[in-house]
Colleague: 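Right, I'll just put the structure down here and ask away after.
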2 protein chains.
Amino acid sequence: MTSVEEPARSNGRTRDAARTQAEILDVATQEFARVGFAGARVDDIAARTSTTKRMIYYYFGGKEQLFTAVLERAYGVIREAEQELDVEHLDPVAAIRRLAELTFDHHEQHPDFIRLVSIENIHGAEHIAASEKLGKIGSPALDVIRRILASGQRSGLFTADVDAVDLHAMISSFCFFRVSNRHTFGALFGRDLVDPAQREHYRAMLGDMVIAYLTAPRAEA
Amino acid sequence: MTSVEEPARSNGRTRDAARTQAEILDVATQEFARVGFAGARVDDIAARTSTTKRMIYYYFGGKEQLFTAVLERAYGVIREAEQELDVEHLDPVAAIRRLAELTFDHHEQHPDFIRLVSIENIHGAEHIAASEKLGKIGSPALDVIRRILASGQRSGLFTADVDAVDLHAMISSFCFFRVSNRHTFGALFGRDLVDPAQREHYRAMLGDMVIAYLTAPRAEA
DNA sequence: ACTAATGTACGAACTGGTGAGTTAGTAATA
DNA sequence: TATTACTAACTCACCAGTTCGTACATTAGT
């Protein structure tokens with residue numbers, strides 16, 4: 001982010017704090033996602049950088065804070081993407097399906113982010129808790145869901161009694177699991193959930209599931 | 001799981017290989033689940049045991065193999081539980097709902113197992129791949145799903161064109177996510193997915209979702 | 001007596017973090 | 001313009017504390 005492209009210096013070694021920080025974050029993101037927080041080595045991260053380990057401590061303070069910074073940037077990317085959601089011109093059913101599909105696509109396109117979130121959950125979300133930035137940023141996607149849901153429920157199209165957060169959990173769980181548990185699931189059941197050939201199948205399955213749930217005829221009560 | 005109830009041996013230091021191994025596995029399971037593979041310390045695991053670090057290497061060979069052994073036992077517990085599934089006397093709709101509920105309960109009751117699976121996924125399921133035991137054991141639950149599904153599809157009750165593995169993925173994803181992503185989800189959206197007061201709500205939501213998906217009227221095609 | 005099981009002590013390699021000094025950019029001043 | 005003064009950006013070498021693993025001694029059970 002904010003790469004200060006200095007046009008003059010072609011090859012490299014100009015002094016550029018923003019660039020150095022961004023490079024550290026790039027490498028750290030890969031490393032943390034690859035081997036987890038405890039598994040990552042500050043020395044290795046530094047080695048993959050064009051700068052030194054000292055700079056990591058200079059800019060971020062420590063391994064823990066570096067991980068927090070990585071998380072903050074990763075969540076920032078998500079939020080940016082969510083802000084570009086443009087589905088409210090559709091009817092509620094189509095809008096929800098489209099939203100589910102975009103969530104599906106986004107998870108598929110950002111496996112590193114999903115690994116980071118898995119790792120952060122193993123650590124009890126302590127870095128998120130420790131971060132000011134990540135504390136109270138509501139999800140734009142949640143607002144969108146809220147409005148679509150209200151519209152669909154008002155018109156009687158949606159019969160399910162869910163709120164936006166729960167629906168978001170439902171959609172996310174499928175998208176997240178498909179990527180996060182790809183390896184164990186594949187090893188145990190012999191099916192690659194992220195097989196490109198099955199992509200459309202699972203994308204449709206998610207949409208069908210969500211719409212079926214929202215529009216199912218409620219017999220009783 | 002396979003707790004160390006040795007009835008005969010009164011207090012302590014009798015020589016009992018099986019018991020020592022089981023104790024090591026108990027502690028190792030907790031530690032690995034708590035802080036991940038790289039985060040776990042062999043010395044700490046040993047310290048929480050009534051035996052010594054030497055025994056870990058004596059019986060398991062090393063940290064990596066210990067983790068594999070922990071995984072093997074954890075999956076064994078799951079398989080045992082799945083073998084006690086008894087839902088096929090119900091009609092397909094009720095059977096699937098019941099199966100989903102049991103899966104839901106099981107995930108909730110074994111958060112350590114879920115953490116281990118998350119961790120194993122971060123490591124690309126390499127330990128499962130390296131294990132002979134975990135290689136080719138089909139899931140009993142999968143067989144049950146397969147039969148219920150076939151029955152429901154034959155009778156026309158189930159309109160969805162899913163197979164057992166995909167349905168298992170769908171059910172698991174919700175159950176798994178609810179526990180595995182509890183912390184980040186709670187931190188970001190302010191809702192505890194594992195709040196006991198919401199338990200029935202989410203349990204019903206899962207059942208409704210799966211049944212709605214399976215029985216949804218397929219308009220087109 | 002013999003062996004499986006167990007405990008103690010130790011070390012080589014690693015790991016996060018830091019101390020201390022250097023270089024590049026920049027703006028004020030002469 | 002040249003000089004000086006200042007600071008952000010950076011490098012290198014090292015430390016203090018861990019961490020996995022093992023050599024060796026010892027004990028319990030048969």
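What you see is a predicted model, and the numbers here were worked out from it, not measured in a lab. Letters A, B, ... mirror the listed sequences (proteins, then strands); counts begin at 1.
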Colleague: Is the distance from the ring center of B:Tyr75 to that of B:Phe113 below 6.0 Å?
Modeller: yes
Colleague: Within the structure, does a side-chain N or O atom of A:Tyr57 lie under 4.0 Å from either OP1 or OP2 of C:dG17?
Modeller: yes
Colleague: Can you tell me the distance, in whole Å, between the CD1 atom of B:Ile56 and the P atom of D:dT19?
Modeller: 14 Å
Colleague: Would you jot down, in residue-number order, the residues of residues 34-44 of chain B having a non-hydrogen atom under 4.0 Å from DNA chain C?
Modeller: none
Colleague: Does OP1 or OP2 of D:dT11 have a side-chain N or O of A:Thr51 closer than 4.0 Å?
Modeller: yes
Colleague: Provide, to the nearest angstrom, the distance between the CE atom belonging to B:Met55 and the C1' atom belonging to D:dG21.
Modeller: 14 Å
Colleague: Is it the case that the ring center of A:His127 lies less than 6.0 angstrom away from the ring center of A:Phe37?
Modeller: yes
Colleague: For D:dC10 and A:Tyr59 - does any side-chain N or O of the residue sit under 4.0 Å from the phosphate oxygens OP1/OP2?
Modeller: yes
Colleague: If you check every side-chain atom of A:Arg54, which of C:dA20, D:dG21, C:dG16 has the closest atom?
Modeller: C:dA20
Colleague: Rounded to the nearest Å, what distance is computed from the CG atom of residue A:Asp16 to the C1' atom of nucleotide D:dA8?
Modeller: 12 Å
Colleague: For the side chain of B:Thr52, starting at C-beta, report the closest nucleotide among C:dG7, D:dT11, D:dC20.
Modeller: C:dG7
Colleague: Would you indicate, yes or no, if C:dT6 has its OP1 or OP2 atom less than 4.0 angstrom from a side-chain nitrogen or oxygen of B:Thr20?
Modeller: yes
Colleague: Record whether the side chain of A:Lys63 comes under 3.5 Å of the base of C:dG17 through a donor-acceptor pair of N or O atoms.
Modeller: no
Colleague: Could you state the CD1-P distance from A:Ile24 to D:dA9, rounded to the nearest angstrom?
Modeller: 12 Å
Colleague: Between B:Tyr58 (OH) and D:dT26 (C1'), how many Å, whole number?
Modeller: 13 Å
Colleague: Using whole Å, what does the distance between atom P of nucleotide D:dC20 and atom CZ of B:Phe67 come to?
Modeller: 14 Å
Colleague: For A:Phe60, report the nucleic acid contact type (base, sugar-phosphate, nothing); a contact means any heavy atom under 4.0 Å.
Modeller: nothing
